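A quick write-up on the structure given underneath.
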Amino acid sequence: MNLHIEEKRFGDKLIFSNESFSIPELSRTAILGPSGSGKTTLMRILAGLDKNYIGHLDNPPKLPVILFQEDRLSERITVLSNLMAVTDDKQKAFAILASLSLAGEERSHIKELSGGMRRRVAIARMLLLDADIVFLDEPFRGLDDTTRRDVAKLILSYAEGKTLVFITHDEEELSLLASDNIIRI
């Protein structure tokens, strides 16, 4: 996937000007940079969510899955109900919750969970979806070091045979997700 942005603005603020980005097929691409540098904007353009720019995207993803920076869970329903919103396979949902150390939380409401638990539910929901390309915006936000390593293994297993694009501020996450392509903004 190749992207050339002649111009991307938010109001009067210029975000990108005459820049090109390449995401090799089946790569593990990290988008690295400080807060406010345009990382999430770039991911949204690559995923096809933001078309308000001058430029062109070659070979856009056909079936992207996105883990946003915000968990985007429905707080008024249970953990299991959040997962069943994206799958009919209850057994698979239970298995993924167990793999994320969330067994027994199926009937808990999202509003009762800690931030790290919410993040793992959002990751579980993503892992239930089929995709050809996986976009992750700060996937390990709110997770402790041990949980980050465990979740990284699950994500890498899920992303096998897929292109993975992830946003991070943390250089350590480059090795956690086995990045082989780095875009520095």
Side-chain angles (χ1 to χ4, degrees), residues 28-36 39-50 61-179:
R28 307 281 180 257
T29 299
I31 301 173
L32 190 66
S35 294
K39 297 181 305 295
T40 298
T41 298
L42 176 58
M43 182 192 82
R44 290 179 55 80
I45 291 170
L46 289 166
L49 297 177
D50 185 343
K62 292 174 183 61
L63 191 59
V65 67
I66 303 166
L67 178 70
F68 293 96
Q69 197 173 74
E70 313 81 23
D71 296 325
R72 298 191 180 192
L73 300 169
S74 179
E75 294 202 2
R76 297 168 67 169
I77 61 176
T78 65
V79 167
L80 185 59
S81 294
N82 269 277
L83 300 187
M84 297 310 295
V86 300
T87 186
D88 293 330
D89 191 338
K90 192 179 273 192
Q91 292 307 92
K92 189 173 180 183
F94 278 104
I96 287 177
L97 287 172
S99 70
L100 289 162
S101 301
L102 291 169
E105 297 295 339
E106 298 85 4
R107 288 184 166 36
S108 297
H109 283 81
I110 298 299
K111 63 185 174 185
E112 300 168 349
L113 302 179
S114 70
M117 292 171 82
R118 290 174 190 216
R119 190 60 172 173
R120 285 182 283 151
V121 173
I123 291 166
R125 187 179 56 195
M126 178 202 70
L127 295 173
L128 289 166
L129 295 167
D130 193 21
D132 63 345
I133 185 167
V134 181
F135 292 98
L136 309 172
D137 194 347
E138 296 186 32
F140 305 118
R141 184 183 50 76
L143 303 181
D144 61 66
D145 288 340
T146 301
T147 304
R148 280 178 8 153
R149 285 190 298 275
D150 293 343
V151 168
K153 289 176 190 171
L154 287 170
I155 289 171
L156 286 174
S157 176
Y158 168 74
E160 193 166 314
K162 301 173 175 80
T163 301
L164 174 66
V165 179
F166 64 97
I167 293 173
T168 185
H169 300 279
D170 187 343
E171 299 259 350
E172 181 184 326
E173 291 178 7
L174 301 178
S175 62
L176 271 177
L177 289 175
S179 66

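Throughout, numbering of the chain's residues begins at 1 and tracks the sequence. Fair warning: this is a prediction, and the values are worked out from it, not measured in the lab.
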Do [X] and [Y] have side chains that get closer than 4.5 Å, going by heavy atoms?
X	Y	result
F166	V134	no
I96	L83	no
I66	D137	no
K92	L128	yes
I110	V79	yes

| message | Per the side chain to side chain donor-acceptor pair (under 3.5 Å) rule, what does the pair list look like for residues 154-170, sequence neighbours excluded? | response |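 Pairs touching residues 154-170 that pass the test: E138-H169, R148-D170, T168-E173.
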| Can you pull the side chain to side chain donor-acceptor pair (under 3.5 Å) pairs that have at least one residue in residues 70-79, sequence neighbours excluded? | E70-R72, D71-R119, D71-R141, E75-R118, T78-S81
When rounded to the nearest 0.5 angstrom, what distance separates [atom1] in [X] from [atom2] in [Y]?
X	Y	atom1	atom2	answer
R125	N82	CZ	CG	6.0 Å
E106	K90	CD	NZ	10.0 Å
L176	D150	CG	CG	10.5 Å

Identify the heavy atoms of [X] and [Y] that sit nearest to each other, and give their distance.
X	Y	result
G116	L143	O-CD2, 3.5 Å
S108	L113	CB-CD2, 4.0 Å
L154	S99	CD1-O, 3.5 Å
P139	L177	CG-CD1, 4.2 Å
A131	P64	CB-C, 4.4 Å
F140	I155	CE2-CD1, 4.2 Å

| query | Would I167 and Q69 satisfy side chain to side chain contact (heavy atoms under 4.5 Å, CB included), going step by step from the backbone distance to the final call? | reply | CA-CA 9 Å; I167 293 173; Q69 197 173 74; 5.7 Å; no
| message | Determine whether a donor-acceptor pair (N or O, by modelled atom type, separation under 3.5 Å) exists between the side chain of R28 and the backbone of A159. | response | yes
| request: Using modelled atom types only, decide if a donor and an acceptor are shared between the side chain of K39 and the backbone of P34 within a distance under 3.5 Å. | output: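 Side chain of K39 to backbone of P34: a pair is present.
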| message | List the residues meeting side-chain contact (heavy atoms from CB on, under 4.5 Å) with S101, not counting sequence neighbours, and say none if there are none. | response |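 So S101 forms a side-chain contact (heavy atoms from CB on, under 4.5 Å) with R120.
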| F135 pairs by side chain to side chain contact (heavy atoms under 4.5 Å, CB included) with which of R44, M126, M43? |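 So the option named by the test is M43.
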| query | If you count the non-hydrogen atoms of other residues, nucleotides and ligands that lie under 6.0 Å from CG in D145, is the total more than 12? | reply |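 Atom CG in D145 is crowded, with more than 12 foreign heavy atoms closer than 6.0 Å.
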| field | Steps toward side chain to side chain contact (heavy atoms under 4.5 Å, CB included) verdict (F94, L80) | value | CA-CA 8 Å; F94 278 104; L80 185 59; 3.9 Å; yes
